[in-house]
Amino acid sequence: MTGTSVLKPTKFFSPPADPPQSPELSLRLKEQECLSLLKKCKNLEEFKQAHAQIVKWGFFWNSFCASNLVVACALSDWGSMDYACSIFQQIDEPGTFDFNTMIRAHVKDMNFEEALFFYYEMLERGIEPDNFTYPSLFKACAWLQAQEEGMQIHGHAFKLGFENDLYVQNSLINMYGKCGEIKHSCAVFEQMDEKSVASWSAIIAAHASVGMWYECLMIFGNMSSEGCWRPEESTLVTVLSACAYLGALDLGKCTQGSLLRNISELNVIVQTSLIDMYVKCGCLEKGLSVFRKMAKRNQMSYTVIISGLATHGHGEEALRIFLEMLEEGLDPDDVVYVGVLSACSHAGLIHEGFQFFDRLKSEHGIKPTVQHYGCMVDLMGKAGMIDEALEFIKSMPIKPNDVVWRSLLSACRVHCNLEIAEIAAKHLFQLNSQNPGDYVILSNMYARAQRWQEVAKIRVEMARKGLHQVPGYSLVEVGRRIHKFVSQDTSHHQCESVYEMIHQMEWQLKFEGYSPDTSHVLLDVDEEEKRQRLKGHCQKLAIAFALIHTSQGSPVRITRNLRMCNDCHTYTKLISIIYEREITVRDRNQFHHFKDGTCSCRDYW
DNA sequence: ATAGGGTTAG
């Protein structure tokens, strides 16, 4: 046992000033001494001294010691890449390990091109990469979004037989995910014999980064059932954002439970994503209560709650919280201001909107982005100030994008201004944004004006460009499952009972004086056909399904991809009285809380 | 003998 004590320095141990030349110390021990000297370094100065000492000992020419000099200098917190490079260049015959170190260090330094350069240098010199070489390279390709290069290097790794290395596979999943090639990520993932937590995290994050939220939740479910580890914080955060996008409240709540069980203290990121999940799932109160309990908040926490309040139509409260943020001494950034302006826009606070638009420039030195201009156009557009909005766009110092023109176009739709709608649409089509919705709005406006020729022209144009109208759908969560309904749905396995329920609801609604508002059914068909069409709107089907499958009095929450039509709005208000239910509908832009026959949007939308 | 993967929020 005493023989090893030299390896483990005690507090009495200090390296001798001169190398112990005594023959009883083996080469190994001298190397170990160099290593322990390097490990003690806490800054570049100490390292330089150690370097000099090792050179003095004549050990620089030992490849193990030279390699470790590079490792210490390149990979430590205090390291200097330049200095490490200069040492590397002095190495007589750098080997695989040395190149791996340089590659890894450059990736750590976010110098991805350089990392790849070292790889090619390595190949040129005929030095064989090993399985340790590749994960860093794929990380570099991931950051650079260099998909083709990544695929090529993937080919190399494959040829060398590292295809089945767990670390190589995990970094490949990530690389393809970051490049948006989700199919390749899946292919790697599915071929794996053995998966680690990192593999699952990588595949979930990959789906999240391309917005495949539903798949995120599916994979997370598989992970829980296949694996026996505790879910990690970062994975749960990704899952929470998937829940937020899908409006999957029950699963979101389960995720919160999992967090509370497994993680002792929730940090700002977790809390912020919790708030976002609650707010986007329609539970503003719960989001607020998490927000109120936070010990520490940052710009992002404020942004989620402010834009959350905005989409729920609580503009004044959003502005109050923004003032709290200023009082707390947090510097508002451009994204918070997007929330603030959208709060003004949703609540119809025209005057305040202009004030804050001014303040963000003058008081906080923020250069308004196209998003801020978009909010202002929205603000004016919603209030019916269509001409002013157009003038505002014309006066913009930056080029208006499709979002700006699109908000003008939808304002024109609401306020029936075909003349300016044509201008907005012209710009949208010029921008070539490929959004079928733009064509649909304009064509619907022509239809309202009975200008069927123009309607047909637009439809032809859409077909020519290969654009298809996005089908509207509504999601509703029942029993922790998300059910999807499209308009006139016949695919849901319980659609028969749903249509029966619709029929029953219709009867009750008639007693309340409901008559279908067919004015927005923009098909050239007869009244009866129009009424039938309205009946089958996806939101109504989803509500019917929820009424069947949830208990009396429990709230109904619906998430939809498009905005709702006037008829669905009126219909849902009445249903909230008749069936005594609170119904929350999240559309593209905002929330509608239906309760006792009124809607939180006060019909301002 | 030294080393590698996933990392989350507006």
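Chain letters run A, B, ... following the sequence lines, proteins first, then strands; residues in each count from 1. All figures in this text were calculated on a predicted structure; none of them were measured in a lab.
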Can you find a side chain N or O atom of [X] that sits less than 4.0 Å from OP1 or OP2 on [N]?
{"X": "A:K178", "N": "B:dT7", "answer": "yes"}
{"X": "A:R104", "N": "B:dA3", "answer": "no"}
{"X": "A:K139", "N": "B:dG5", "answer": "yes"}

What residue among A:F117, A:F118, A:Y119 forms ring-ring contact (aromatic ring centres under 6.0 Å, His included) with A:H106? A:F118
Taking C-beta and beyond as the side chain, do A:C65 and A:E31 meet within less than 4.5 Å on heavy atoms? yes
Side-chain heavy-atom pair A:K139, A:M175 within 4.5 angstrom cut-off: no
Below 4.0 angstrom, which residues in residues 290-297 of chain A have at least one non-hydrogen atom near DNA chain B? none
Contact check, residues 304-342 of chain A vs DNA chain B, heavy-atom distance under 4.0 Å, returns A:V304, A:D333, A:V335, A:V336
First locate atom CE of A:M218, then atom CD1 of A:I482, and finally report the distance between them rounded to the nearest 0.5 Å. 11.5 Å
If you compare all heavy atoms of A:C179 against all heavy atoms of A:C141, which two are closest, and at what distance to 0.1 Å? SG-O, 4.2 Å
Starting at [atom1] of [X] and ending at [atom2] of [N], how long is that distance when rounded to a whole Å?
{"X": "A:Q256", "N": "B:dT8", "atom1": "CD", "atom2": "P", "answer": "21 Å"}
{"X": "A:K108", "N": "B:dA3", "atom1": "NZ", "atom2": "P", "answer": "15 Å"}
{"X": "A:F59", "N": "B:dT2", "atom1": "CZ", "atom2": "C1'", "answer": "16 Å"}
{"X": "A:Q271", "N": "B:dG10", "atom1": "CD", "atom2": "P", "answer": "15 Å"}
{"X": "A:M192", "N": "B:dG5", "atom1": "CE", "atom2": "P", "answer": "14 Å"}
{"X": "A:M300", "N": "B:dG10", "atom1": "CE", "atom2": "P", "answer": "8 Å"}
{"X": "A:I203", "N": "B:dT7", "atom1": "CD1", "atom2": "P", "answer": "12 Å"}
{"X": "A:N267", "N": "B:dA9", "atom1": "CG", "atom2": "C1'", "answer": "9 Å"}

Among [options], which nucleotide sits nearest the side chain of [X]?
{"X": "A:T303", "options": "B:dT8, B:dG10, B:dA3", "answer": "B:dG10"}
{"X": "A:R28", "options": "B:dT7, B:dG4, B:dA1", "answer": "B:dA1"}
{"X": "A:N68", "options": "B:dA3, B:dA9, B:dT2", "answer": "B:dT2"}
{"X": "A:I269", "options": "B:dT7, B:dA9, B:dG4", "answer": "B:dA9"}

Would you state whether a donor and an acceptor, one from the side chain of [X] and one from the base of [N], lie under 3.5 Å apart?
{"X": "A:S196", "N": "B:dG5", "answer": "yes"}
{"X": "A:S171", "N": "B:dG5", "answer": "no"}
{"X": "A:D165", "N": "B:dG4", "answer": "yes"}

Can you confirm whether or not the ring centre of A:H364 sits under 6.0 Å from the ring centre of A:Y337? yes
Mind checking if [X] touches a base, just sugar-phosphate, or nothing, with heavy atoms under 4.0 Å?
{"X": "A:V197", "answer": "base"}
{"X": "A:N100", "answer": "base"}
{"X": "A:I173", "answer": "nothing"}

For a quick check under 3.5 Å, do A:N267 and A:E233 share a side-chain donor-acceptor pair by atom type? yes
Residues A:K30 and A:E33 bridged, charged N to O under 4.0 Å: no
For A:R297, is there an ion pair with A:E327 - N to carboxylate O distance below 4.0 angstrom? no
Looking at B:dA1 and A:F64: do their rings stack (centroid distance under 5.5 Å, interplanar angle under 30°)? yes
Between A:K40 and A:E46, is the salt bridge (charged side-chain N to carboxylate O under 4.0 Å, His left out) condition met? List the steps. CA-CA 8 Å; A:K40 274 189 215 144; A:E46 283 178 23; over 6 Å; no
Does the plane of the ring in A:H312 sit parallel, tilted or perpendicular to the ring in A:H314? Use 30° and 60° as the thresholds. tilted
